[in-house]
Amino acid sequence: MVIKPKIKGSLALNCHPVGCKEEVLNQIKYVENSKKYKGAKKVLIIGASSGYGLATRISLAFGGSDSDTIGVSFEREGSKRKVGSAGWYSNIWFREEAEKKGLIAKNILGDAFSHNMKEEVIKYIKEEFGGKIDLLVYSLASGMRTDPDTNKIYKSNLRPQGESLTGFTFNVEKESMEEVTLSPATEEDLTNTVKVMGGEDWELWVKALIEANVVSEGFKTMAYSYIGPAVMEGIYRHGTIGSAKEHLEKTARDLDEVLKDEKSGEAYVAVNKAIVTKASAYIPIFPLYASALMRVMEEKGIEENAIEHTHRLFADMVYGDKPEFDSEKRMRPDSWELRDDVQEEVLEIYKKVTENNFKELTDFDKYKTEFLKLNGFKVEGVNYEEDVDLEELSKLKP
Ligand code: NAI
Ligand code: NA
């Protein structure tokens with residue numbers, strides 16, 4: 001089957017398994033040729049199949065640390081007739097490369113929010129992973145969560161709070177920019193979004209791992225947060241998702257106390273840069289910002305994609321000699337994004353941008369390319385006219 005990208009509005013509907021492989025290999029090549037660091041040897045990554053979680057896994061396994069990893073993710077399996085999700089294949093390609101190096105790369109697929117998943121991971125750590133982990137990276141992004149105790153389903157709703165918000169959003173399919181107005185969140189939208197994207201599940205993970213005695217002395221855990229500039233405040237930091245991130249950051253401070261006492265360990269969030277991922281493409285108004293930011297950071301020679309940003313985070317900050325923490329013990333690799341000169345130029349673009357000139361003023365081309373690459377399209381060196389053998393691929397298991 002020859003696979004061409006299918007996009008509906010701003011949603012990608014399929015992926016190219018061979019392109020996904022090339023993307024994993026490209027990320028591996030990038031860290032192999034970058035600065036090396038020594039970090040945790042035994043790592044659990046929740047949300048390991050795409051975006052920041054996948055980049056984290058690649059950096060840790062191939063960037064000098066040679067970490068064994070367990071990657072938890074929720075992905076759609078490919079069959080003989082139907083192509084699976086990008087993360088399904090990325091898990092497989094990552095494991096193959098890591099195993100060639102003699103590393104353990106265990107993929108566990110299912111719902112990270114459930115009690116079952118926590119039990120399955122703990123059992124695996126005890127029986128096959130050497131009994132303890134040194135690092136847990138929480139990089140989950142989801143639109144819904146089933147509460148493991150009540151089975152109630154919560155759906156996040158990314159909205160402004162207090163008043164409505166008007167902004168522009170991209171339609172990648174039509175290559176157009178459209179104005180959207182978002183009405184303010186209800187109390188329920190807020191509660192639900194915090195329930196899904198706040199720190200509750202991260203805390204359940206850490207407590208379950210401590211309880212089961214599978215964390216080492218000096219154990220560290222990190223989750224990824226976002227702050228962003230004033231132009232994004234309405235939808236992000238002051239929006240429902242911002243409240244969820246505040247909750248996540250408070251969870252980090254609480255877990256830090258617990259871990260200090262129990263394991264001489266620590267917990268913190270890293271506030272990462274805005275990049276194009278499956279999750280961020282879904283945030284209203286965010287794509288325009290991401291594409292303006294790319295343009296400006298590119299011109300200044302400081303633009304980073306997922307792997308570049310994540311590898312710098314680990315090599316320079318988490319396990320390096322240049323950690324940047326703010327007064328709330330949040331690690332701040334986003335300091336480049338938030339530089340005054342960067343944000344002043346983003347603001348200039350925002351003042352002039354219209355439905356007609358957005359392709360010239362922002363880097364829409366690059367935004368679209370990055371968007372397509374998430375699903376293995378537009379990757380250099382891949383022949384997209386060639387047949388993809390789904391039957392062969394369906395024999396590969398995570
Ligand atoms: P992503 O969509 O690329 O990755 C999400 C991961 O979560 C995938 O591996 C997916 O399989 C997994 N997942 C989703 N639901 C699951 C479930 N129920 N059980 C198990 N796994 C599940 O997203 P991205 O952007 O990498 O986000 C990761 C974290 O980074 C999020 O906390 C996000 O807020 C944060 N972040 C993202 C930024 C961005 O610009 N993309 C900027 C700063 C922080
Ligand atoms: Na991720």
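Just so it is clear, the values below take in all heavy atoms, side chains as well, and ignore hydrogens, waters and symmetry mates. Read the numbers this way: they start at 1 and go in the same order the structure lists the ligands and their atoms.
- Atoms CG and NZ, from Leu209 and Lys132 in turn, are 11.0 Å apart once rounded to the nearest 0.5 Å.
- Every atom of ligand 1 with a heavy atom of Tyr224 under 4.0 Å away is listed here by number and element: 30 (O), 32 (O), 35 (C).
- Below 30°, between 30° and 60°, or above 60°: for Phe325 and Tyr268 the angle between ring planes is above 60°, a perpendicular geometry.
- Here is the list of ligand 1 atoms found below 4.0 Å of a heavy atom in Gly51: 3 (O), 26 (O).
- For Lys250 and Glu203, the salt-bridge test fails: no basic side-chain N is under 4.0 Å from an acidic carboxylate O.
- For the pair Arg330 and Glu249, the salt-bridge criterion is met [side-chain N within less than 4.0 Å of a carboxylate O].
- Ring pair Tyr236/Tyr226: centre-to-centre distance below 6.0 Å.
- Contact of the Lys41 side chain with the Asp68 side chain is not registered, since no non-hydrogen atoms from C-beta on lie closer than 4.5 Å.
- Where the criterion is an N or O separation shorter than 3.5 Å, residue side chain and backbone included, Phe74 meets it with respect to ligand 1.
- Close approach to Ala279 involves these atoms of ligand 1, each under 4.0 Å from a residue heavy atom: 2 (O), 23 (O), 25 (O).
- Of all the listed residues (Met117, Lys273, Lys245, Arg145), Lys273 holds the heavy atom that lies closest to atom 42 (C) of ligand 1.
- Qualifying ring pair (Phe, Tyr, Trp, His ring centres under 6.0 Å) partners for His311, counting only residues two or more places apart in sequence or in other chains: Tyr37.
- Ligand 1 places these atoms under 4.0 Å from at least one heavy atom of Ile275: 39 (C), 40 (O), 41 (N).
- Remark: ligand 1 atoms within the under-4.0 Å shell around heavy atoms of Ser142 are 15 (N).
- Residues satisfying the ring pair (Phe, Tyr, Trp, His ring centres under 6.0 Å) criterion with Phe286, sequence neighbours excluded, are absent altogether.
- Each of the following atoms of ligand 1 lies closer than 4.0 Å to a heavy atom of Glu75: 10 (C), 11 (O).
- For the pair Lys42 and Phe129, the distance from NZ or CZ to the six-membered ring centre is under 6.0 Å and the angle to the ring normal is within 45 degrees.
- Looking at ligand 1, you'll find an N or O of Asp111 within less than 3.5 Å of one of its N or O atoms.
- When heavy-atom distances to ligand 1 are checked against a 4.0 Å cut-off, Ala223 has no atom that comes that close, whether in backbone or side chain.
- The shortest separation from a heavy atom of Ser139 to ligand 1 is under 4.0 Å, placing the residue in contact.
- Relative to the ring axis of Tyr154, Lys195 places its NZ or CZ within 45° and under 6.0 Å from the centre.
- The ring-ring contact (aromatic ring centres under 6.0 Å, His included) test with Phe358 singles out one residue from Tyr350, Tyr289, Phe364, Phe168, and that residue is Phe364.
- At least one N/O-N/O distance between Ala112 and ligand 1 falls below 3.5 Å.
- Checking only distances, Ser225 never comes within under 3.5 Å of ligand 1, N or O to N or O.
- Remark: distances from the non-hydrogen atoms of Gly110 to ligand 1 include one below 4.0 Å.
- Those atoms of ligand 1 with a heavy atom of Phe286 less than 4.0 angstrom away are 40 (O).
- When heavy-atom distances to ligand 1 are checked against a 4.0 Å cut-off, Thr277 comes that close only through its side chain, counted from C-beta outward.
- Considering backbone and side-chain N/O of Tyr226, none are found under 3.5 Å from N/O of ligand 1.
- Ligand 1 places these atoms under 4.0 Å from at least one heavy atom of Phe113: 18 (N).
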